[in-house]
Novice: 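One structure coming up, written as structure tokens, with questions to follow.
Hydrogens, waters and symmetry mates play no part in the numbers below; they use all other heavy atoms, side chains included. Keep in mind that this is a model prediction, so the values were computed, not measured.
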Amino acid sequence: MATAMLIGILSTFGAGIAAQWVAWRFRLPAIVLLFTLGLILGPGLNVLHPSTSLGWIFRPVVSLLVAIIVFEGGLLLDFRQLREAGEGITRLTMVTLPICWVLGWLAARYVGHMEWGVAALFGAIITVTGPTVVLPLLRHNKLQPRVAAYLRWEAIINDPIGAILAAVVLQVVGMHVPINTGIFLSTTLPDLLASTAESLAAGIIPAYLVRYLFTRDLMPESLKTPLLLSMALSIFSLCNVSMEGAGLIGATVFGMAVTNLHIPGLSELRRIKESLVVLMVSTLFILLTADLNRQVLEHLSFPIFFLTLVVMFVVRPLGVFISTLGTSLTWQERVFVGWIAPRGIIAAAVAGAAGYRLADAGYRSADLIMPAVFAVIAATMIVHGFSLRPLARRLHLTLSNEPTLAIVGSCPWSIALGECLHREGVPLLLIDNRSSALMPAARRSLPILRAELLSQYGQEALEERPADYLIATTADGIYNGMVCAHMAPHMGRQRVFQISPGVARLDFYHGLSRDARGKVLGEPAWNYTLFDTLFDKGWRFVASIADENAAQHFGSVPNRLDLLSIKRGVSISIRSAEDESPSMPSPGDLLVSMLPPPEAAHQPEGLTQLEGSAA
């Protein structure tokens with residue numbers, strides 16, 4: 001038994017992380033792979049039997065993992081973002097959700113043949129489109145900023161709200177008291193309202209305690225994350241004592257309260273919890289899927305099949321259509337948002353816990369919740385995940401599929417670099433927090449973003465206009481390093497670059513830590529002053545198609561600054577002296593270099609000039 005449990009644990013963790021890596025490497029929906037792995041390891045090969053191996057502890061473990069996941073989801077809900085998101089987002093969250101709940105409720109009752117209580121819970125569960133599914137899809141598919149914002153904020157906001165709705169509905173239907181009876185109005189409803197109020201208080205009051213401890217330096221940094229996690233779990237457990245299911249409300253409200261108190265230092269803690277949640281999501285999804293025995297899968301009948309189709313083709317599109325009447329959304333955006341709604345880990349986790357609760361309450365159709373919800377999850381993940389890109393292209397809602405370069409810092413020579421790339425069709429985004437600095441770029445029709453990347457707004461704005469690579473080009477070397485260090489966890493540490501802060505500062509022991517800055521653009525001597533001076537002397541950026549000779553000598557030709565080599569539709573290679581194994585361009589790649597004026601140097605050999613490529 002111990003050996004089997006150990007094998008199961010190792011299989012779950014190893015398979016989960018492997019699935020996440022494969023999904024990242026090949027741009028696949030991670031949750032689809034996790035779902036498939038769970039089915040293979042569980043009902044398929046009978047390797048994993050979570051509820052049998054862990055016994056009575058399985059359900060509490062699932063509940064605690066769900067508590068941490070919904071707490072992290074609550075941390076994503078900043079009310080400032082909701083106010084700035086606009087009317088379209090407000091409609092998608094505040095109006096679409098209840099409409100889809102009612103429509104899903106009716107569909108489960110009349111198509112899925114569930115009891116009214118079970119159908120109400122099913123309708124509540126399927127309203128959730130979680131950020132753990134939607135955000136990776138948005139990162140891998142470059143949508144136009146507005147439609148990306150709609151899907152992104154709907155997922156972030158609906159995650160905690162949907163969890164709270166499901167928790168309240170679960171509590172009501174778990175009582176098994178008809179709504180039209182005097183007992184419900186005199187006893188059940190007051191108890192429900194009291195327990196909900198207690199859960200809200202249990203989530204809000206500890207958040208103020210956290211703020212008091214953190215802002216007065218009464219908590220060491222090493223204990224902040226353990227404190228938040230232990231408080232979330234404690235709130236979840238205590239709330240469940242008074243009302244089963246109220247723990248979801250308490251944990252979610254605690255996360256929402258903590259993030260809206262704007263406590264300094266939460267961004268670092270949030271990043272740690274995000275990594276932890278990735279592990280938990282991987283583990284939990286495989287465990288819940290693997291625990292589906294073959295008898296449960298036998299419930300995947302024609303009614304559930306038709307219910308899944310109704311949810312995908314009627315409930316969601318109709319809910320979005322009704323709720324967005326009179327808004328500024330175009331018909332293409334309404335069609336796209338009405339179709340794309342993959343369900344994720346919250347739906348799976350709530351369904352896993354709810355099935356047992358409803359069965360204990362005596363509902364005959366309780367065993368339909370798990371297969372029905374998992375059918376919706378599997379169908380929406382696969383169909384929506386793989387149809388998102390072609391549908392967005394068909395509706396003309398995508399940006400270029402070429403890798404995008406973000407240039408932070410607007411100055412004459414960085415604008416010239418951006419103009420050179422823009423003329424060759426290379427997607428870029430010029431970012432600065434000064435309107436005056438961006439005006440020359442705007443006059444040249446370059447894509448710009450006015451934002452401070454070290455702010456939460458700047459980071460969110462960049463997520464809606466995704467970039468694959470970043471070069472920080474301001475005159476402040478320390479600021480460049482801060483931007484690169486801030487963006488490295490989101491873009492990848494090998495994809496953030498900065499102009500050299502100075503040779504002395506690059507010393508591996510005495511200089512700026514590699515963790516506190518980006519990779520050096522080109523050579524250590526290529527600092528801001530050098531680029532600025534050369535530009536004033538007439539040096540300009542030139543984009544060229546490489547032949548075999550140019551590709552072979554890229555980076556080794558004197559009196560020339562070779563910066564970028566671009567493989568169309570594949571990658572951007574940015575030269576850096578810190579590359580352990582520099583990638584060499586191939587013939588046909590687009591090369592970007594800084595060259596002296598014709599009167600100062602002859603044209604280098606091996607380059608076929610593109611007409612009009614000089615900046």
Novice: Is there a side-chain contact between Leu470 and Val408 in this structure, where contact means two heavy atoms from C-beta onward sitting under 4.5 Å apart?
Specialist: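 Yes, side chains in contact.
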
Novice: Rounded to the nearest 0.5 Å, what separates atom CD1 in Ile566 from atom OG in Ser573?
Specialist: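 So the CD1 of Ile566 and the OG of Ser573 are separated by 9.0 Å.
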
Novice: More than 12 foreign heavy atoms under 6.0 Å from CE of Met439: is that the case here?
Specialist: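 Atom CE in Met439 is not crowded, with 12 or fewer foreign heavy atoms closer than 6.0 Å.
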
Novice: Minimum heavy-atom separation for His422 and Ser445, please, with both atom names.
Specialist: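 Heavy atoms only, the tightest pair is NE2-O, 3.5 Å.
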
Novice: Does Arg493 reach the main-chain N or O of Pro489 with its side chain, forming a donor-acceptor pair under 3.5 Å?
Specialist: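 It does not hold such a pair.
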
Novice: Quick check: do Leu151 and Leu143 have side-chain heavy atoms less than 4.5 Å from each other?
Specialist: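 Heavy-atom side-chain distance check passes, below 4.5 Å.
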
Novice: Do the ring planes of Phe531 and Phe541 sit parallel (below 30°), tilted (30 to 60°) or perpendicular (above 60°)?
Specialist: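 The rings of Phe531 and Phe541 lie parallel, inter-plane angle below 30°.
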
Novice: So Ile407 and Ile415, side-chain contact (heavy atoms from CB on, under 4.5 Å) or not? Walk me through it.
Specialist: CA-CA 9 Å; Ile407 302 176; Ile415 293 175; over 6 Å; no

Novice: Grab the two heavy atoms, one from Gln498 and one from Cys484, that are nearest each other, plus how far apart they are.
Specialist: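 The pair with the smallest heavy-atom distance is CB-SG, 4.0 Å.
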
Novice: What I'd like to find out is whether the side chain of Pro501 reaches to under 4.5 Å of the side chain of Asn527, using heavy atoms alone.
Specialist: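 They are not in contact (no side-chain heavy atoms under 4.5 Å apart), so the answer is no.
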
Novice: Is there side-chain contact between Ile545 and Leu591, with at least one heavy-atom pair below 4.5 Å?
Specialist: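 A side-chain contact is absent here, since even the closest heavy-atom pair is not under 4.5 Å.
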
Novice: Considering all heavy atoms of both residues, which atom of Tyr528 and which atom of Ile499 are nearest to each other, and what is their separation?
Specialist: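 Closest heavy-atom pair between Tyr528 and Ile499: CB-CD1, 3.4 Å.
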
Novice: If you round to the nearest 0.5 Å, how far is OG of Ser387 from CD1 of Ile382?
Specialist: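 Ile382 atom CD1 to Ser387 atom OG measures 11.5 Å (nearest 0.5 Å).
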
Novice: Do the side chain of Thr259 and the main chain of Gly255 share a donor and acceptor less than 3.5 angstrom apart?
Specialist: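 Flag not set: sc Thr259 to bb Gly255 has no pair under 3.5 Å.
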
Novice: So with a 6.0 Å cut-off around CZ of Arg394, is the heavy-atom count from everything else above 12?
Specialist: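 No, the 6.0 Å shell around CZ holds no more than 12 heavy atoms from other groups.
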
Novice: Which pair of non-hydrogen atoms, one from Leu430 and one from Ser414, has the smallest distance, and what is that distance?
Specialist: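 Smallest interatomic distance, heavy atoms only, reads CD1-OG, 4.3 Å.
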
Novice: Output yes when a side-chain donor or acceptor of Asp468 lies under 3.5 Å from a complementary backbone atom of Pro403, and no otherwise.
Specialist: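 Here the side-chain-to-backbone pair does not exist.
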
Novice: Go through it in stages, so that I can follow the logic: the residues are Thr474 and Asn480, the test is side-chain hydrogen bond (donor to acceptor under 3.5 Å, both in side chains), and I'd like the CA-CA distance, side-chain angles, deciding distance and then a yes or no.
Specialist: CA-CA 6 Å; Thr474 73; Asn480 291 339; 2.5 Å; yes

Novice: Quick check for you: to the nearest 0.5 Å, what is the distance between Leu462 atom CG and Leu429 atom CG?
Specialist: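 Going from CG on Leu462 over to CG on Leu429, the span is 6.5 Å.
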
Novice: Are Arg575 and Asp562 close enough for a salt bridge, meaning some N to O gap below 4.0 Å?
Specialist: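 Salt bridge flag = no for Asp562 with Arg575.
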
Novice: Are the side chains of Leu391 and Trp339 in contact, using a 4.5 Å heavy-atom criterion?
Specialist: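 Side chain of Trp339 against side chain of Leu391, heavy atoms only: contact under 4.5 Å found.
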
Novice: Could you tell me whether the side chain of Asn559 reaches within less than 4.5 Å of the side chain of Val557, counting heavy atoms only?
Specialist: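 Side-chain contact under 4.5 Å: no.
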
Novice: Would you give the length of the straight line joining atom CZ of Arg495 to atom NE2 of His490, rounded to the nearest 0.5 angstrom?
Specialist: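 Result: 15.0 Å between the selected atoms.
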
Novice: Decide yes or no on side-chain contact (heavy atoms from CB on, under 4.5 Å) for Lys567 and Ser586, but give the supporting numbers first.
Specialist: CA-CA 8 Å; Lys567 296 184 186 295; Ser586 304; 3.1 Å; yes

Novice: Mind running side-chain hydrogen bond (donor to acceptor under 3.5 Å, both in side chains) on Arg343 and Thr380 for me, showing each step along the way?
Specialist: CA-CA 6 Å; Arg343 277 65 171 187; Thr380 55; 4.9 Å; no

Novice: Decide side-chain contact (heavy atoms from CB on, under 4.5 Å) for His553 and Asn549; before the verdict, give the C-alpha distance in whole Å, the side-chain angles of both, and the deciding distance to 0.1 Å.
Specialist: CA-CA 6 Å; His553 294 92; Asn549 183 50; 2.9 Å; yes

Novice: From Asp432 CG over to Leu438 CG, what is the distance, rounded to the nearest 0.5 angstrom?
Specialist: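 With rounding to 0.5 Å, CG (Asp432) is 5.0 Å from CG (Leu438).
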
Novice: Between Ala451 and Ile431, which heavy-atom pair has the shortest distance, and what is it?
Specialist: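 Shortest heavy-atom separation between Ala451 and Ile431 comes out as O-CG2, 3.9 Å.
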
Novice: Counting N and O atoms only, with roles assigned by atom type, does the side chain of Glu523 sit under 3.5 Å from a partner on the main chain of Ala525, one being a donor and the other an acceptor?
Specialist: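 It does not hold such a pair.
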
Novice: If you count the non-hydrogen atoms of other residues, nucleotides and ligands that lie under 6.0 Å from CE in Met482, is the total more than 12?
Specialist: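 12 or below, so no.
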
Novice: Would you name the heavy atoms of Leu453 and His486 that are closest together and state the gap between them?
Specialist: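 Answer, listing the atom of Leu453 first, then His486: O-CD2, 3.3 Å.
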
Novice: Kindly compute the distance separating CG (Leu395) from OG1 (Thr330), expressed to the nearest 0.5 Å.
Specialist: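 Reported to 0.5 Å precision, the distance equals 8.5 Å.
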
Novice: Kindly determine whether Val520 and Arg517 satisfy side-chain contact (heavy atoms from CB on, under 4.5 Å), including the steps that lead there.
Specialist: CA-CA 9 Å; Val520 172; Arg517 62 174 175 84; 3.8 Å; yes

Novice: So, Asn260 side chain and Met256 main chain: donor-acceptor pair closer than 3.5 Å or not?
Specialist: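 Yes, the answer is positive, given that a donor and an acceptor are paired below the 3.5 Å cut-off.
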
Novice: Indicate yes or no: does Glu578 engage Lys519 in a salt bridge with an N to O separation below 4.0 Å.
Specialist: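 The answer is no: the pair does not qualify as a salt bridge.
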
Novice: Does any non-hydrogen side-chain atom of Thr473 lie less than 4.5 Å from one of Trp413?
Specialist: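 Side-chain contact under 4.5 Å: yes.
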
Novice: Can you check whether Glu333 reaches Tyr150 side chain to side chain, under 4.5 Å on heavy atoms?
Specialist: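 Glu333 vs Tyr150: side chains touch.
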
